[in-house]
Undergrad: 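Let me begin by handing over the structure; questions about it come next.
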Amino acid sequence: MLQDTIRDIITKAVAALTEHGAFPDVEIPAVEIMRPQVAAHGDYSTNVAMKLAAALRSVGLPGTPRALAETIATEIREMVAVVPAYDLVTAVEVAGPGFINLRLGERWLLRQTADVLAAGAGLGAVDVGRGTRVNLEFVSANPTGPVTVANGRGAFLGDALGNLMHAAGYDVTKEYYFNDAGGQIDQLGFSMERYCRFILGEPVFCQIDDIENEAAPEVVKPSARFQKGKGGGDSAPAQTAAKPRKPRGYYDPYYESVAERLLMRDGGALLEGPATEGGPALGKAAADIIMRDIQDTMRRMNVEFDVWFNQASLAPSGEIEAGIKALRDGGYLEERAGAVWMKSSQLGDDQDRVIIKSSGEPTYITSDIAYMRNKFERGFDQLIFILGPDHHGYIGRLKATAAMLGHDPERVHVLIYGNVALKVGGRTMRMGKRLGNAVTLDELDDELGADVTRFFYLMRANETPLDFDLELARKQTSDNPGLSVQYAHARASGVFRKAEERGIAPDQYAEADPLALANDRPDELAAELNLLRELLRLEEVVERAAATHEPHLLTAYGMALAEAYHLFYDTCPILKAGSDVPRDVQMARLRLMAAARAGLARTLHLLGMDAPERMEREAAEAVAHASPAE
């Protein structure tokens, strides 16, 4: 990695000075590499002189940061002048109180065009993970309804993070954990009975214990095809199901569609048994349909999972008992008032937790213990959980659970993402399944497409609340950030189509000499070098995004790369009629554009997006830009 080469140069310079007696024999601080805040100051910067000065002061030795920086800079200049592998650095300057800035050589940068193209689909890949096995769990919504705008955020965060970590050398398994049994599924079954009976034209009455608090939408009128000769169709009498103020279960037109599919599949057989109201059989059957819908949504949004793990598999396999035994053997369980508690507060949780009620009924925490044990038993080195904004209490509990199972809690990483609000007409919508107005991810896809939806979700840091601006996302102009990277790729593809129309085949520029650009006008050369710098920065972004678990760093990079591409496109003519571009320069620019297109495609694929060859707004935007590159 380029940043590692820069660090190696600085580290060896400091070591050589120490060996030659220029510096006292003190512990040399770790070398930190950063990008200067002002691009004109150089490509890389280090504060090693200031850290070294602090180390000297700590043992009573003299040394000002500025003087130390000058000494180190001189050593670096001498080193890069004689070591061929370090010829990438052509200028070393001292700035401020003791920063050392390094500048990459123009000719070296131009030669990197070949390396970018040679990297192919592996562009930006680094091996910081070294094969570390990572279990990445995300979404994990139970099958009680469709994936909504709110929990959809975790889908894109997890999928993009998995791609980034894979590119950074980690062995990643993407996993979805779900529970299709229990209280929520019983509530779903209650809703399904009401919908099924209503669709069949049977009376549905509201019981006193149905009512909770707030208003909810009405159940829609029966579907005509299920009226069984009861006067269905347009002539059927208008009906509405009895509507509690806040009903048990789930109410939304989506659930009517689930009930319709239940009736088509089972013909109402599940309604005929005794005590069906709220029964688990209807809920389980509905959950099966909803789970398939969730999987279809994930495929539609290009979100991929390697494992779909059903919580119900834990008890029959004996894993719940094994998990409880592991905690008991470790001395982390105790009985209080007939219930069994795990003493998780001893290991960083904010409180102890009941795992078995006094009635003997296990709590959901027993399944969580068994599931974490299962993951470690499968050989994962790190566990990552991506959870919604109301799950902060899980952080301490999950880490404590790992410790009670005998594992380092630092192997568990819990990422909490911020709230999602959908902005429509400048207003923010409050949404929820139980409110009956949840906007689904499928609806966003219908409106915007999977790629724009994904890009908007990934534009903010994980914990930052996201206001999803629907009006902005709908725009088919350069104002829409969700199209920026794709449009740059399509624009580059358009140039190559035009080159082919003019008889310029890829083999004519595939081996073009990039140094032909070294004598370009200053503004042209600056645009070309700026583009190359951005292309070479991808591996640093991959490493940092994977290490910090922040995919939004890649969307920010993608927009910066697209901007650098557009500057190059608008500044450096290639095929424009009447432009006096020497043949060798034209071929070198086409080769650089091929590298740019590869970088844009790689960025899009890491984000989980398509890299289109054409876009609807491509022609209109090209006219608006009136670019000399065409």
Undergrad: Any heavy-atom pair between the side chains of Glu93 and Phe99 that's under 4.5 Å?
TA: no
Undergrad: Apply side chain to side chain contact (heavy atoms under 4.5 Å, CB included) to residues Leu538 and Leu561 and explain how you reach the verdict.
TA: CA-CA 9 Å; Leu538 177 57; Leu561 178 59; over 6 Å; no
Undergrad: Looking at residues at least two apart in the chain, or sitting in another chain, which of them share a salt bridge (charged side-chain N to carboxylate O under 4.0 Å, His left out) with Glu534?
TA: Arg537
Undergrad: Indicate yes or no for a side-chain donor-acceptor contact from Asp171 to the backbone of Gly131 under 3.5 Å, with no hydrogens or angles considered.
TA: no
Undergrad: Lys51 and Glu27: salt bridge (charged side-chain N to carboxylate O under 4.0 Å, His left out), yes or no, with the steps?
TA: CA-CA 11 Å; Lys51 295 177 71 174; Glu27 183 176 353; over 6 Å; no
Undergrad: If you take all heavy atoms of Arg591 and Glu511, which pair is closest and at what distance?
TA: NH1-C, 4.0 Å
Undergrad: Quick check for you: to the nearest 0.5 Å, what is the distance between Phe385 atom CZ and Leu136 atom CG?
TA: 10.5 Å
Undergrad: Work out which heavy atom in Ile72 is nearest to a heavy atom in Leu17; give both atom names and the distance.
TA: CA-CD1, 3.8 Å
Undergrad: Taking Arg544 for its side chain and Leu553 for its backbone only, find out whether a donor-acceptor pair lies under 3.5 Å.
TA: no
Undergrad: For Arg597, does the CZ atom sit with more than 12 other heavy atoms under 6.0 Å from it, leaving out its own atoms?
TA: yes
Undergrad: If you define the side chain from C-beta out and look only at heavy atoms, does anything of Leu466 sit under 4.5 Å from Phe456?
TA: no
Undergrad: Does Gln3, at its CD atom, have more than 12 non-hydrogen atoms belonging to other residues, nucleotides or ligands within less than 6.0 Å?
TA: yes
Undergrad: Establish, yes or no, whether the cationic atom of Arg491 lies under 6.0 Å from the six-membered ring centre of Tyr569 and within 45° of the ring axis.
TA: yes
Undergrad: If only atom types and distance count, is the side chain of Arg107 paired as donor or acceptor with the main-chain N or O of Ala518 below 3.5 Å?
TA: no
Undergrad: As an exercise, state the distance from CE of Met615 to OG of Ser493, rounded to the nearest 0.5 Å.
TA: 11.0 Å
Undergrad: When you look at CD of Glu524, are more than 12 heavy atoms from neighbouring residues, nucleotides or ligands closer to it than 6.0 Å?
TA: yes
Undergrad: Is there a side-chain contact between Met1 and Arg7 (heavy atoms, below 4.5 Å)?
TA: no
Undergrad: Under the ring-ring contact (aromatic ring centres under 6.0 Å, His included) definition, can you give me all pairs with a residue in residues 490-535, not counting sequence neighbours?
TA: Phe496-Tyr509
Undergrad: Any sub-3.5 Å donor-acceptor pair from Asn480's side-chain atoms to Ala473's backbone N or O?
TA: yes
Undergrad: List the atom of Leu56, the atom of Pro24, and the distance in Å for their closest heavy-atom pair.
TA: CD2-CG, 3.6 Å
Undergrad: For the pair Glu528 and Arg589, find out whether any cationic side-chain nitrogen is under 4.0 Å from an anionic carboxylate oxygen.
TA: yes
Undergrad: Report, as yes or no, whether the 6.0 Å neighbourhood of atom CG on Asp580 holds more than 12 heavy atoms from other residues, nucleotides or ligands.
TA: no
Undergrad: Flag yes if more than 12 heavy atoms outside Glu500 fall under 6.0 Å of its CD atom; otherwise flag no.
TA: no
Undergrad: For Asp381 and Arg411, work out which heavy atoms get closest and say how close.
TA: O-NE, 2.8 Å
Undergrad: Could you list the residues that satisfy side-chain hydrogen bond (donor to acceptor under 3.5 Å, both in side chains) with Asp8, not counting sequence neighbours?
TA: Lys12, Tyr86
Undergrad: How far does CH2 of Trp108 sit from CG of Leu536, to the nearest 0.5 angstrom?
TA: 5.5 Å
Undergrad: Look up atom CG in Leu604 and atom CZ in Phe455, then write down how far apart they are to the nearest 0.5 Å.
TA: 8.0 Å
Undergrad: Determine which pairs satisfy salt bridge (charged side-chain N to carboxylate O under 4.0 Å, His left out) with at least one residue from residues 63-74, sequence neighbours left out, and list them in order.
TA: Arg66-Glu70
Undergrad: Evaluate the criterion side chain to side chain contact (heavy atoms under 4.5 Å, CB included) for residue pair Glu75 and Glu78; output intermediate values, then yes/no.
TA: CA-CA 5 Å; Glu75 180 68 20; Glu78 293 175 358; 3.8 Å; yes
Undergrad: Quick check: does any side chain N or O of Asn163 sit under 3.5 Å from a backbone N or O of Leu606, one acting as donor and the other as acceptor?
TA: yes
Undergrad: Closest heavy-atom contact between Thr453 and Leu444?
TA: OG1-O, 3.8 Å
Undergrad: Can you confirm whether Leu383 sits close enough to Leu398 that some side-chain heavy atom of one is under 4.5 Å from a side-chain heavy atom of the other?
TA: no
Undergrad: Can you tell if the side chain of Ile6 reaches within under 4.5 Å of the side chain of Leu88, non-hydrogen atoms only?
TA: yes
Undergrad: Do Leu52 and Pro65 have side-chain heavy atoms sitting under 4.5 Å apart?
TA: no
Undergrad: Verify side chain to side chain contact (heavy atoms under 4.5 Å, CB included) between Val26 and Val59, making sure each step is shown before the conclusion.
TA: CA-CA 8 Å; Val26 297; Val59 294; 3.9 Å; yes
Undergrad: Distance check, rounded to the nearest 0.5 Å: Thr113 atom OG1 versus Leu515 atom CG?
TA: 9.0 Å
Undergrad: State whether Glu471 and Lys423 are salt-bridged, where the test is any N-O pair (Lys NZ or Arg NE/NH1/NH2 against Asp/Glu carboxylate O) under 4.0 Å.
TA: no
Undergrad: Could you walk me through whether Thr603 and Tyr557 pass the side chain to side chain contact (heavy atoms under 4.5 Å, CB included) test, one step at a time?
TA: CA-CA 8 Å; Thr603 301; Tyr557 167 79; 3.4 Å; yes
Undergrad: Mind checking whether Arg583 and Gln508 have side chains closer than 4.5 Å, heavy atoms only?
TA: yes
Undergrad: Using salt bridge (charged side-chain N to carboxylate O under 4.0 Å, His left out) as the criterion, list what pairs up with Asp610, not counting sequence neighbours.
TA: none
Undergrad: Look only at the side chain of Glu463 and the backbone of Tyr417, and say whether a donor-acceptor pair between them is shorter than 3.5 Å.
TA: no
Undergrad: Starting at CG of Asp159, measure out to CD of Glu304 and round the result to the nearest 0.5 Å.
TA: 6.0 Å
Undergrad: Please check: side-chain N/O of Glu539 versus main-chain N/O of Leu2, any donor-acceptor pairing under 3.5 Å?
TA: yes
Undergrad: Could you report the tightest heavy-atom contact between Gly98 and Ala69, atom names first, then the distance?
TA: O-CB, 3.5 Å
Undergrad: Tell me if a side-chain donor or acceptor on Arg502 pairs with a main-chain N or O of Leu575 at a distance below 3.5 Å.
TA: yes
Undergrad: Does Arg454 form a salt bridge (charged side-chain N to carboxylate O under 4.0 Å, His left out) with Asp451? I'd like the steps, not just the answer.
TA: CA-CA 5 Å; Arg454 177 182 288 250; Asp451 286 343; 5.4 Å; no
Undergrad: Could you list all the side-chain hydrogen bond (donor to acceptor under 3.5 Å, both in side chains) pairs where at least one residue sits in residues 33-46, not counting sequence neighbours?
TA: Arg35-Tyr44, Arg35-Glu540, Asp43-Arg533, Tyr44-Glu540, Ser45-Asn101
Undergrad: Verify, without hydrogens or angle tests, whether Thr555 (side chain) and Leu458 (backbone) share a donor-acceptor contact under 3.5 angstrom.
TA: yes
Undergrad: Would you check if the side chain of Asp445 reaches a backbone N or O of Ala450 as a donor-acceptor pair within less than 3.5 Å?
TA: yes
Undergrad: Hey, are the side chains of Val485 and His489 touching, using non-hydrogen atoms and a 4.5 Å cut-off?
TA: no
